[in-house]
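Comments concern the structure below.
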Amino acid sequence: MSQTTIIPHSQKPLVTRDYPSPTDLDAFIGIAKKSQTSWRNVPLSERIAIGRKFMAVFEAQIPEITLELSNQMGRPIKYNHLECKTMLARADYLLNIAEKSLEDVVIPDYDKTGNQRTIKRVPHGVVLVIAPWNFPFLVTINSIIPAIVAGNTVILKPSPQTPLTAERLAAAWSGAGLPENVFQVLHLSPELTEQAVKDSRVNYVVFTGSVKGGKAVDTVAVNAEGFKGVALELGGKDPAYVREDADLDFTVPELVDGSFFNSGQSCCAVERIYVHASKYDAFVQKFIEETKGYKLGDPTDPNTTLGPVVSLASAERIRKQISDAVASGAKILVPESLFSIAQPGTTYVAPQVLVEVNHSMDVMKEETFGPVVGIMKVSSDSEAIDLMNDSPYGLTASIWTSPQSQPIFNKLAAELETGTVFLNKCDAVDPSLAWTGVKYSGRGVSCSQFGYDQLTRPKSVFVKV
């Protein structure tokens, strides 16, 4: 059996990859398990050095990667180097903090006995990473750098939409001198993925994707032999609140980009905006004008600023969410005639702004994962916070206000049910902070010191003197 990647904008086949047989998969997992016993004994300084070489080898591939990425997932080619460069910056940070994050915790002699107490961080063993297609380098690096540097072996199962990205990562690790089989890329069907998750030799699973997919992976892991850990980075319906003292000239372009970059196909994209009544009309007008400036088209064209969504099924689902909202009373503000390429039966979806929306509509409650945003008027901070929290998701939220209002921001941030809260920023991941979610946005942590904690386990050592 095999999988074929379809180019989003042309709907033509790009590459085909064969699946291993169940027997072969069993052997690959066995190889990963065997390789881990030697890799964990390589000094940490050497593991970090290989990580540095990986960065250099990967950077040399970037000119070839940009077109590949557009053809795999549809992002405009002018932006693809940004994902690669940001990935390298994130890898650099994670390597910089590796020694500190993995160092032993020595417990003070609190009872004056002279006994020695130490908590070590040790690798899980074999880590299975099930990666998404929307930011295949950025999201994947969050797990594979700390996993490998901590002494795990990694099996990467990429999305069938972006198989070449995983192969680029494998080539970079190989070129950096990583021992064979410490990092393996396996293209797997859903049935083979289930086999891998079930396997008792796989000690930890990292999944990034939909809520439905996350529940399926978690269910398989729970029913498997043993009690392996599962990290889940799932969906989002991320809100923004524009307060009455916000600077609209700054705020509007930031939120337009936060809503529509990557055609809105980001777990932390801004999908709903609440604007104080005193700023509402001006905000909406500026937002519309900014949105009209996008050039929707072929992502391989350097002039394109908004590409297609990933598939015909995705485009149809997004259009239905818009039409359902309109049928329930919502109003669309961006004339579809401005984006004539966005026709039914294609993957091109015009950026759209909806007003007169409410929380009975899916467009304000369910993840869109497309270039659509709903805007609601609110009369107070408390109303905004209530609406922001009225969601099954909890990944990020942003508040836009004057820097002088930071004490108010601090109070509001404490009330938000999310993994990350931004002041005057959105749709971003800072590698020094814990990337995590609540509710249906999942569980687990990547980035920061806590990302290393997730991919290791504590081991206590007591020495009686």
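Judged purely by distance below 3.5 Å, without hydrogens or angles, the side chains of N181 and T153 never pair a donor atom with an acceptor atom. No donor-acceptor contact under 3.5 angstrom links the side chains of N262 and Y79, judged on distance only. Donor-acceptor pairing under 3.5 Å is recorded for the side chains of T4 and T16. Side-chain atoms of S21 and T23 include no donor-acceptor pair closer than 3.5 Å. Neither side chain, N303 nor K78, offers a donor N or O lying under 3.5 Å from an acceptor on the other. Of the N and O atoms on the side chains of E289 and Q285, at least one donor lies less than 3.5 Å from an acceptor on the other residue. When only modelled atom types and interatomic distance are considered, Q161 and T5 share no side-chain donor-acceptor pair under 3.5 Å.
Across all their heavy atoms, T66 and H81 have their closest contact at CG2-N, 3.8 Å. A pairwise comparison of heavy atoms in G235 and V211 identifies N-CG2, 4.1 Å as the closest pair. The two residues S441 and G394 make their nearest non-hydrogen contact at OG-N, 2.9 Å. Residue L94 comes nearest to Y452 through the heavy atom pair O-OH, 2.5 Å, listed as atom of the first residue, atom of the second, then distance. Among all heavy-atom pairs drawn from S448 and S432, the shortest one is CB-O, 3.4 Å. Summarising the geometry of P20 relative to L25, their closest heavy-atom pair is CB-N, 4.3 Å, with the distance given to 0.1 Å.
Note on ring orientation: taking the six-membered ring where Trp is involved, the planes of F261 and F135 are parallel (angle under 30°, cut-offs 30° and 60°).
In this structure a side-chain-to-backbone donor-acceptor pair under 3.5 Å is present from T165 to T162. Counting only distance, with no hydrogens or angles, the side chain of S446 and the backbone of S143 share no donor-acceptor pair below 3.5 Å. A donor-acceptor contact shorter than 3.5 Å links the side chain of K228 to the backbone of V202. At distances below 3.5 Å, not a single donor-acceptor pair connects side-chain atoms of T140 with backbone N or O atoms of A131. Under the 3.5 Å distance criterion, the side-chain polar atoms of E271 are left unmatched by any main-chain donor or acceptor of P239. Judged purely by atom type and a 3.5 angstrom limit, N152 uses its side chain to pair as donor or acceptor with the backbone of H124. In this structure a side-chain-to-backbone donor-acceptor pair under 3.5 Å is missing from S2 to D18. Between the side chain of N134 and the main chain of Q265, a donor-acceptor pair closer than 3.5 Å is present. The main-chain N or O of D362 is never found under 3.5 Å from a side-chain atom of E366 such that the two would form a donor-acceptor pair. A distance-only check finds a donor-acceptor pair linking the side chain of S323 to the backbone of R319 [under 3.5 Å].
Within the 4.5 Å cutoff, the side chain of S263 has heavy atoms near those of the V309 side chain. V378 is not listed as a side-chain neighbour of V275, based on a closest heavy-atom distance of 4.5 Å or more. T396 is not listed as a side-chain neighbour of T418, based on a closest heavy-atom distance of 4.5 Å or more. S314 is not listed as a side-chain neighbour of F369, based on a closest heavy-atom distance of 4.5 Å or more. Looking at E415 and M388, their side chains never come closer than 4.5 Å, going by heavy atoms from C-beta outward. Contact of the L69 side chain with the P136 side chain is registered, since non-hydrogen atoms from C-beta on lie closer than 4.5 Å. For the pair L138/V429, no side-chain contact is recorded, criterion being any heavy-atom separation below 4.5 Å from C-beta on. The side-chain heavy atoms of T401 and Y241, taken from C-beta on, include no pair separated by under 4.5 Å.
Geometric assessment of K377 against the ring of Y280 yields a positive cation-pi assignment under the 6.0 Å and 45° thresholds.
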Exercise answer: donor-acceptor pairs, residues 247-256 side-chain atoms, under 3.5 Å, sequence neighbours excluded:
residue: D247; atom: OD1; partner: D249; partner atom: N; Å: 3.1
residue: D249; atom: OD1; partner: K286; partner atom: NZ; Å: 2.9
residue: T251; atom: OG1; partner: D247; partner atom: O; Å: 2.8

Report, one line per pair, each donor and acceptor closer than 3.5 Å where one atom sits in a side chain of residues 433-440; sequence neighbours left out.
residue: W435; atom: NE1; partner: E233; partner atom: OE2; Å: 3.1
residue: T436; atom: OG1; partner: G444; partner atom: O; Å: 2.8
residue: K439; atom: NZ; partner: N389; partner atom: O; Å: 3.0
residue: K439; atom: NZ; partner: S391; partner atom: O; Å: 3.0
residue: K439; atom: NZ; partner: E417; partner atom: OE1; Å: 2.8

Show me, pair by pair, the donor-acceptor contacts under 3.5 angstrom made by side chains of residues 324-332, not counting sequence neighbours?
residue: D324; atom: OD2; partner: K320; partner atom: NZ; Å: 2.7
residue: S328; atom: OG; partner: D324; partner atom: O; Å: 3.1

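A salt bridge is absent between K279 and E244; no separation between the charged side-chain nitrogens and carboxylate oxygens falls under 4.0 Å. The pair K365-D390 meets the salt-bridge criterion, since a charged nitrogen lies less than 4.0 angstrom from a carboxylate oxygen. A salt bridge does not link E225 to K198: none of the charged nitrogens lies less than 4.0 Å from a carboxylate oxygen.
Distance check: M73 CE to I7 CD1 gives 13.5 Å after rounding to the nearest 0.5 Å. Atom CZ of F137 and atom CG of L88 lie 10.0 Å apart (nearest 0.5 Å). Taken from OG1 in T347 to CD in Q11, the straight-line distance is 5.5 Å, to the nearest 0.5 Å. To the nearest 0.5 Å, atom SG of residue C426 and atom CG of residue D257 are 7.0 Å apart. If you take CG on L128 and CD on Q184, they are separated by 11.0 Å, rounding to the nearest 0.5 Å.
In this view, I288 and V284, K292, L333 satisfy the side chain to side chain contact (heavy atoms under 4.5 Å, CB included) rule, not counting sequence neighbours. Partners of R17 according to the side chain to side chain contact (heavy atoms under 4.5 Å, CB included) rule, which considers only residues two or more places apart in sequence or in another chain, are Q3, V15, P163, L164, E167, H187.
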Discussion item. Under the criterion side chain to side chain contact (heavy atoms under 4.5 Å, CB included), I'd like the reasoning laid out for N80 against L67: C-alpha separation, chi angles, the key distance, then a yes or no.
Written reply: CA-CA 8 Å; N80 287 339; L67 179 59; over 6 Å; no
Discussion item. If you apply the rule side chain to side chain contact (heavy atoms under 4.5 Å, CB included), what do you find for L387 with H359, and how did you get there?
Written reply: CA-CA 8 Å; L387 288 167; H359 278 217; 3.7 Å; yes
Practice prompt. Please assess V129 against K157 for the test side chain to side chain contact (heavy atoms under 4.5 Å, CB included), listing each intermediate value before the final yes or no.
Written response: CA-CA 6 Å; V129 177; K157 185 268 178 207; over 6 Å; no
Worksheet item: Run the side chain to side chain contact (heavy atoms under 4.5 Å, CB included) check on I375 and F283 step by step: do they pass?
Response: CA-CA 10 Å; I375 305 177; F283 177 89; 3.9 Å; yes
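Applying the side chain to side chain donor-acceptor pair (under 3.5 Å) test to pairs two or more places apart or on separate chains, those with a residue in residues 208-223 are D218-R443.
Aromatic rings of Y294 and F339 (six-membered ring for Trp) have centroids beyond the 6.0 Å cut-off, not under it.
Counting non-hydrogen atoms of neighbouring residues, nucleotides and ligands closer than 6.0 angstrom, the CD atom of Q449 exceeds 12 such neighbours. Open room surrounds CD on E336; 12 or fewer heavy atoms of other groups in view lie less than 6.0 Å from it. In F450, the CZ atom is not crowded: 12 or fewer heavy atoms of neighbouring residues, nucleotides or ligands sit closer than 6.0 Å.
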